Every structure is written in C-alpha cells, then in structure tokens.
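Worksheet for the structure shown next.
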Amino acid sequence: RNLGPVGLLAALYFGSELIVPQIYASILQGLRSSIGLSNEEAKFLILHIDMDQDHAMALREIIIANCRTKADRLMLVKCTSMILDGRVAFYDSLIKYSSQLETNNFTYNDQTTKKWSRSKPNYMNDFMEQPNVVKMCKEHVKGSTILDVGCGEGYVARKLVSMGATKIVGVDISKDRINVASTHLEKKDFEYYVEGDVTNLKETLLRTTNRTNLMPGAQFDVGLFDLSVAVFLFNDLTITDMDKTFRDIFSLLKPGGYFIFCVPHPFISSYDCESFGFSKNKSSNYFSLRDKLVEGHASTISGERLKVSMFCKTFEDYTQAARKFGFDIIEIEEGRVNPNNLNENPDLFDSVNGVPLHLVMKLRKPECPVKNSANVASTNTLNMLPKKLTWSTAARRHPRNAFLVQIPNEVQQELYKASFEWYDRGISVDDLDLVGDFPSSSFNSLKSFAVSIRNSVLHETGLVLIKGLNLDMFGVGESEKMVACSKIAYYLICNQIGAVDGSARGRLFDVKNNHIDAMDKKIDNVLFSVSDCKANWHTDGASKDRVYDAVSLMCIHPSIVGGKSKVSNACNAYDLISHMPRFLMNELHRPVPRDILENGKGNKKCLSMSDQLSRADSIMSLRISYNSYPIFDVQQDRMRFRYMRHWIESSHEKMRWKVPTFLRIAMDVLDDALDKGCCFHESLERGDILICNNACIAHGRDAFQDAPGKPPRHLVRAWIQMQKVDMLKPSNQSA
C-alpha cells in the first residue's frame with residue numbers, strides 16, 4: 001500500500017509477468033523429462049506461458065513511461081528486489097521441504113567416528129583407492145606442505161607424513177574425527193588438524209592460523225600449499241558445495257601445485273551387491289540422479305556393513321569443475337579390483353570384480369607464465385583476476401588511519417640523492433635504466449617501503465595515500481629542475497612498487513588542463529586528464545585488451561579552486577547493490593561497449609594517417625563493437641571492476657544506439673552506491689601520492705579552475721603493473 005504506482009508496477013512486471021514464463025518453462029521441461037508429460041496434458045501451462053509473455057511486452061512500455069526520473073528508477077529497483085526476495089525465500093523453502101520428503105538424508109556423524117577410525121586397512125577403499133591416491137602423490141610429497149581436505153581421523157595424512165611431507169594441515173567438519181586425528185599416538189609436531197567447513201575452506205584456515213602455524217597475509221593469495229588431497233570428500237557434497245571447495249583449493253595452492261582427489265565412480269550409483277553398493281529408485285538413471293543423495297553400504301574385512309551415502313555426480317561434473325577454476329587435468333584413473341585384492345580377500349572383492357569402483361584425478365595449478373621481471377611492465381594481467389578487497393566500517397569512517405602512510409626519512413634521502421644525480425647527468429624519466437644507471441644497493445630502504453605499499457594495494461586496503469615527500473627539496477614553484485627531479489623520484493617509487501607501464505602514454509603522464517572540454521560532444525577523443533571538467537567515478541583504461549593493476553597520481557601543484565580527488569570501494573558498492581534483481585545485475589556483468597581513445601588530446605593533427613582513417617564512422621562502429629567487456633567480472637572472492645559511464649554513453653552515441661533502459665538503471669544504482677561509499681574527498685597536497693588498485697577502487701575528481709598568475713594544477717600519473725611482480729618476488733613479502 002505504501003509503495004505507490006512504481007512499486008505496484010514492479011510487483012506486476014518484474015515479480016510476475018516477466019519471470020513467470022521462464023519459471024513455468026523450466027517446470028514444463030522438468031515434467032516432460034521426469035514423467036513424460038504430453039503437450040495435450042500441459043496445454044494450460046503452455047497457454048499460460050504464451051499469454052504472460054504478451055502481458056510482459058505490453059507492461060514494458062508502461063514501466064518505461066512511469067520511470068523517467070532517477071528517483072523513480074531507484075524505487076523500481078528497491079521494490080523489485082523486495083518482490084524477488086520473497087520469491088527466492090518461497091522456492092528455497094519448497095526445495096528444502098521437497099528434499100526432506102524425498103529421502104532421509106544420511107550423512108556421516110560423530111557417532112560413526114569410532115567405526116571409521118583405523119590404523120591399518122579395514123574396508124574396501126583402504127585396499128584400493130587410497131593406495132592409488134598415495135601412488136599419484138608419491139613424486140610430490142617429499143619436503144612438501146600438504147592440505148588434506150576432509151581429512152577425517154587422519155588416516156591418509158599419516159600415510160603422507162610417513163612418505164616425507166614436512167607439514168600437513170587437515171580440515172574436517174567432524175569435531176570427533178579431528179579429536180581422533182589430533183590425539184593419535186603417531187601424530188607428529190608438524191601435523192595440524194582443525195574443525196571447519198570445507199565449503200568455506202579459506203576462511204576456516206584464516207580463522208585458525210593460531211592452531212596451524214600458517215601465516216596470514218599475502219601468501220594466502222599467492223599460495224600456501226604444494227599439494228592438496230581430498231579422499232572421498234566430494235561424494236558428501238552437492239555440486240554447488242564442491243565448486244566452492246574447488247575454488248578455495250585452487251587459491252590456496254602455490255602456482256605449479258597439485259590437487260589429487262578420489263570419489264566413487266559415477267557409474268557406481270547404479271550398482272548394488274553384497275559387499276558394496278547403493279540402493280536407488282528403479283526409475284532413476286545416470287543423469288536423473290545427478291546431485292541427488294543416495295544411500296548405500298560398504299563392508300569391512302570382518303564382514304561388518306557400514307552405512308555410506310553420496311551425492312551423485314556425472315564424470316563431466318568433475319572435469320568441468322576442474323577446468324572452470326583453472327586447473328590443468330594431468331591424470332585420470334578408474335579404480336578396480338586387482339589380482340592381489342582377490343587373492344587376499346576373495347569374500348570382500350569377488351562380487352565387485354570387473355566393476356569401475358572409484359575415480360582418481362590429478363590436477364595442477366598452472367605456473368605463473370612470467371619467469372623473470374624484465375618484461376613485466378609490458379605484460380598484460382587481463383587473465384589474472386585480482387583479489388576482492390572490501391573495506392571495514394572502521395576504515396570507511398577513519399580513512400586517514402586506514403590508508404595514509406608517511407614516507408620514511410631514509411627513503412626520502414635515497415630518492416633525493418638519486419634524483420639530483422640523474423638530473424645533473426641530463427637523464428630524464430624516459431631515459432632511465434634502473435639496472436644500468438644506479439647500483440641496486442642504493443635503494444634498500446625504498447625497496448622495503450615499496451613492498452609494504454604493494455602488499456597494501458594488492459592484498460589489504462587497495463588504496464594508499466603517501467605523504468611526506470618534500471618537493472621543495474628539488475626547487476621552488478614550477479621550475480624545470482623541480483618538476484624533472486620530482487618526476488624522477490616519483491618514477492623510482494612507482495617502479496619499485498611494481499613495474500611502470502608506459503606502453504600507452506609514456507612512463508609518466510602530465511595531468512594538466514589543456515583547455516579542452518571533455519564533455520563537448522563536438523570534440524572527439526579527449527581524456528578527462530587534459531580537461532578541467534568534472535570526472536565522475538571511473539577506473540583507468542578503456543581498452544578491452546589491456547588493464548592496469550594500479551593507477552597512481554602525484555601532486556606537483558594543487559588547484560586553487562576545486563579539483564578535489566575522491567575515492568570509493570567498488571567491492572563494497574557491489575555488495576551493497578547485489579540485492580538488485582538478477583536481470584539488472586546482468587547489465588553490470590554482461591559485456592558493454594566502450595569508446596575508443598587514441599592520444600586522448602582531441603587533436604586530429606596529432607594522429608597518424610592510419611589512426612585518422614581508423615576513426616572513420618564505419619570503422620569506429622566495428623571497433624566499438626569489439627571493445628566490449630563487463631563492468632564487473634566477479635568469480636567468488638576475486639573481482640575486476642572496469643567503469644567510466646561517460647565512455648559507455650559516448651560509445652552508444654557513436655553507434656547510434658540508445659543506452660538500454662536496464663543498463664541506465666543499473667548504472668544509476670551503481671553511482672549511488674559509490675557516492676554513499678565515498679570516504680575520501682579532498683585536494684591532494686604538494687608531494688602527495690595517491691595509489692589506487694585499479695580493479696576494485698573507483699576514483700574521480702571535481703571540476704577545477706586555474707587562477708591567473710598562479711601555477712596551474714599539475715598532477716603526474718603512472719600506471720603500474722603489480723600482480724606478476726608480486727608473484728615473482730615472494731621473498732619480498734617479509735622484507
């Protein structure tokens with residue numbers, strides 16, 4: 001009653017007419033597959049789907065006519081979210097109730113721990129699959145740090161310790177099993193066992209570092225373990241939960257690390273015999289059992305039958321999960337009874353002889369493709385999705401405490417000395433060869449300082465404001481010497497933090513007013529960096545094929561009027577808007593075209609003939625169509641944010657397209673969330689250096705005016721590649 005006409009329209013259109021045909025179509029397909037429903041039997045459902053599609057098309061025009069303002073569109077999003085949240089809650093309850101009706105979900109519990117605890121082989125898996133897992137692990141165990149996921153009471157972990165592992169960390173959801181593993185008489189000092197949910201593995205390990213002797217910090221993202229094993233774990237997890245575990249294992253492995261796991265063979269869900277098997281509904285088949293829980297039994301060598309259960313999966317479910325999260329598939333083995341098994345225990349194995357019982361897979365996390373740092377600056381990190389960095393409430397309320405760093409005096413002295421020497425030798429930033437021009441030992445303090453900044457930008461806050469660099473040491477005002485020495489010092493800092501990427505606009509770019517209006521639609525190809533107008537929320541870089549890990553700005557001279565810089569965390573904004581209906585979130589996840597920029601100075605005379613030809617209307621439309629990519633690329637705890645609304649809107653104008661209504665609404669909501677999350681809105685002072693993680697921090701700038709007779713606003717920008725430098729220099733993490 002209180003939502004008004006916009007709220008009622010949201011309920012009718014988005015909550016009913018638009019999505020009901022999709023829901024009913026899925027239900028219809030399921031009925032046809034499960035009970036063979038004919039078109040005659042389903043005629044009312046088919047008619048309902050068709051009519052609702054017509055209703056939705058008619059209502060769409062009414063929605064557009066009644067949502068002209070940003071306030072109306074935001075209200076529409078809010079109301080739609082409420083309606084769809086109600087639908088989600090209903091269907092979640094329905095699924096939960098249906099699952100309870102379908103089966104008594106049997107899972108291993110602490111009462112069964114004693115039956116499964118053992119110090120020597122006791123049941124079928126001990127004689128067959130665990131030896132196969134151990135065999136695949138053999139060449140990777142000695143001297144390795146190993147993660148045992150779903151470790152149970154530590155049977156496999158102890159075997160790996162006996163093979164030469166230097167550290168084992170086991171995680172299991174059962175408190176009783178962890179107690180058995182932790183108190184075993186053969187347990188070594190370097191065995192650690194913790195209770196936790198394997199579907200939230202990374203968080204479990206971060207929460208229990210005091211009990212596992214793991215060091216929290218950057219290594220949790222670079223990789224902690226040489227090898228991970230999971231023995232009969234995924235049969236206890238749904239496909240969704242298995243994906244969560246795969247994701248965290250991949251993240252926790254070092255580059256080049258291995259993951260070896262075994263599961264019941266997908267075929268075995270259809271097999272049942274005296275010593276081993278599963279009971280199922282006779283009408284079920286291989287594919288219809290997918291992700292359903294079935295119960296069975298496994299016999300011990302003494303003849304005792306133990307209850308087992310598993311969530312059925314297809315062979316493809318395992319291979320797709322491996323590839324989806326970036327693993328290379330190295331080896332696959334199908335377990336079966338061998339002659340030794342038959343000779344030793346014929347009563348146990350005869351009934352399953354010739355049956356594919358288990359599946360063992362060896363996966364590998366790829367190595368970092370860059371072997372040395374010589375070409376890191378020109379190496380694109382587009383395929384390396386960065387860590388999602390979310391700010392705490394305390395950080396947002398007290399940004400200076402969270403992000404401000406004072407440059408140490410010893411670092412300043414190294415910078416002053418090198419800058420003066422290079423300037424006196426006539427060497428500019430573009431001529432610098434850091435390896436040949438200065439001994440490496442001259443920057444020991446700077447290197448240590450740079451590592452701490454890189455860690456903050458990549459792994460902690462994503463934002464650093466460096467203060468304390470005294471540019472007056474280089475000269476007064478805007479003298480040529482002061483500017484040149486300041487740039488050398490700035491470049492030294494940036495290139496120690498990462499690798500300065502000068503492939504697009506040179507190593508350093510002067511952010512100064514060239515008296516061009518970037519918002520003037522009559523002028524093409526203009527960067528906001530050469531204009532004095534307002535730059536709304538954005539990240540740097542508009543090319544589909546190239547990204548920059550960080551953007552850095554140093555202030556040589558602030559503006560007299562306006563020009564305040566502002567920053568906001570896109571990860572926090574994403575979490576804030578993720579309640580939006582899925583069809584609106586899809587606008588932020590789908591590829592969206594961006595404008596094409598050449599030199600960015602709005603002067604065709606500066607362009608080569610080939611560049612001028614490539615900006616002809618017919619060619620530009622093709623280039624813009626290709627230059628499409630998502631605003632948010634999100635995969636679990638990793639994210640890349642790439643945004644500037646102006647380039648999205650100008651690309652649509654050049655294509656003679658209208659910006660889609662849903663995209664405009666989604667960007668309204670995103671801008672509103674970034675505005676709410678803005679925690680820094682200040683003018684940079686002389687010598688300040690602001691460094692933003694370009695994958696998760698949005699920045700912007702107010703319009704400004706230069707005063708007659710005063711030095712103009714002058715900032716210097718550098719684009720920095722950090723991720724591969726960070727992976728190439730893991731020893732620096734502790735510097």
Side-chain angles (χ1 to χ4, degrees), residues 1-35 37-102 240 291 574-590 592 630-632 634 658-670 672-673:
R1 293 177 181 176
N2 299 324
L3 297 181
V6 173
L8 296 175
L9 284 171
L12 188 58
Y13 180 59
F14 295 112
S16 178
E17 304 300 325
L18 183 66
I19 65 169
V20 163
Q22 307 297 323
I23 297 171
Y24 283 7
S26 298
I27 292 173
L28 177 60
Q29 183 179 356
L31 290 171
R32 283 171 171 166
S33 301
S34 60
I35 63 174
L37 191 72
S38 67
N39 285 343
E40 176 63 25
E41 293 169 319
K43 59 186 178 183
F44 177 76
L45 192 56
I46 295 171
L47 178 64
H48 200 338
I49 292 170
D50 187 57
M51 291 179 65
D52 276 359
Q53 288 173 336
D54 290 341
H55 295 165
M57 290 177 64
L59 273 170
R60 184 176 185 275
E61 300 304 319
I62 300 173
I63 288 282
I64 293 173
N66 283 271
C67 292
R68 297 294 187 186
T69 68
K70 180 178 178 180
D72 284 338
R73 293 193 291 272
L74 291 174
M75 175 59 75
L76 184 74
V77 172
K78 177 183 176 182
C79 296
T80 303
S81 179
M82 292 168 59
I83 298 298
L84 295 187
D85 284 347
R87 277 197 175 274
V88 169
F90 168 75
Y91 281 111
D92 281 348
S93 298
L94 182 63
I95 291 169
K96 183 177 180 181
Y97 179 67
S98 301
S99 299
Q100 291 172 349
L101 288 178
E102 187 174 284
T240 299
D291 221 20
Y574 183 84
D575 290 343
L576 186 64
I577 66 176
S578 58
H579 68 279
M580 277 202 307
R582 186 176 298 178
F583 63 87
L584 284 178
M585 287 301 293
N586 181 64
E587 295 299 304
L588 304 179
H589 290 151
R590 71 173 176 87
V592 177
I631 294 173
F632 284 101
V634 182
K658 288 183 66 177
V659 178
T661 302
F662 286 169
L663 176 58
R664 191 169 66 250
I665 293 172
M667 291 193 296
D668 283 345
V669 178
L670 173 58
D672 188 59

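Just so we're clear, the structure is a prediction, and the values are computed from it rather than from any experiment.
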- side chain to side chain contact (heavy atoms under 4.5 Å, CB included) between Lys43 and Leu47, intermediate numbers included: CA-CA 6 Å; Lys43 59 186 178 183; Leu47 178 64; over 6 Å; no
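Summarising the geometry of Ala10 relative to Cys79, their closest heavy-atom pair is CB-CB, 3.8 Å, with the distance given to 0.1 Å. For the residue pair Asp72 and Val6, the shortest heavy atom distance occurs at O-CG1, 3.7 Å. Smallest separation of non-hydrogen atoms from Leu588 and Ala666: CD2-CB, 3.8 Å. When all heavy atoms of Arg664 and Val659 are compared, the pair lying nearest together is NH1-O, 3.4 Å.
Contact check for Leu74 versus Lys78: no side-chain heavy atoms found under the 4.5 Å cut-off. Considering only heavy atoms from C-beta on, Asn586 stays 4.5 Å or farther from Phe662 through its side chain. Inter-residue side-chain proximity for His55 and Leu12 is flagged as unmet; no heavy-atom pair is nearer than 4.5 Å.
Distance check, rounded to the nearest 0.5 Å: CE of Met667 to CD1 of Ile631 gives 6.0 Å. Taken from CD1 in Ile64 to OG1 in Thr661, the straight-line distance is 4.5 Å, to the nearest 0.5 Å. Once rounded to the nearest 0.5 Å, the distance linking CD1 of Ile665 with NZ of Lys70 reads 12.0 Å. Rounded to the nearest 0.5 Å, atoms CE (Met75) and OG1 (Thr69) are 10.0 Å apart. For the atom pair CD1 of Ile83 and CZ of Phe14, the computed distance is 11.5 Å after rounding to the nearest 0.5 Å. Phe44 contributes atom CZ, which lies 10.5 Å from atom CD1 of Ile49 (distance to the nearest 0.5 angstrom).
Applying the side chain to side chain donor-acceptor pair (under 3.5 Å) rule to Glu61 yields no partners; only residues at least two apart in sequence or on another chain are considered. When the side chain to side chain donor-acceptor pair (under 3.5 Å) test is applied to Arg73, the partners found at least two apart in sequence or on another chain are Asp668. Legend: residues meeting ring pair (Phe, Tyr, Trp, His ring centres under 6.0 Å) with His589, ordered by chain and number and at least two apart, are Tyr574. A search for side chain to side chain donor-acceptor pair (under 3.5 Å) contacts involving Arg60 returns nothing, not counting sequence neighbours. Listed by chain and residue number, His48 satisfy the ring pair (Phe, Tyr, Trp, His ring centres under 6.0 Å) test with Tyr24 (two or more places apart in sequence, or in another chain).
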Solution key, residues 575-585 side-chain donor-acceptor pairs under 3.5 Å, sequence neighbours excluded:
residue : atom : partner : partner atom : Å
Asp575  : OD1  : Lys388  : NZ           : 2.8
Ser578  : OG   : Asp575  : O            : 2.9
His579  : ND1  : Leu576  : O            : 2.7

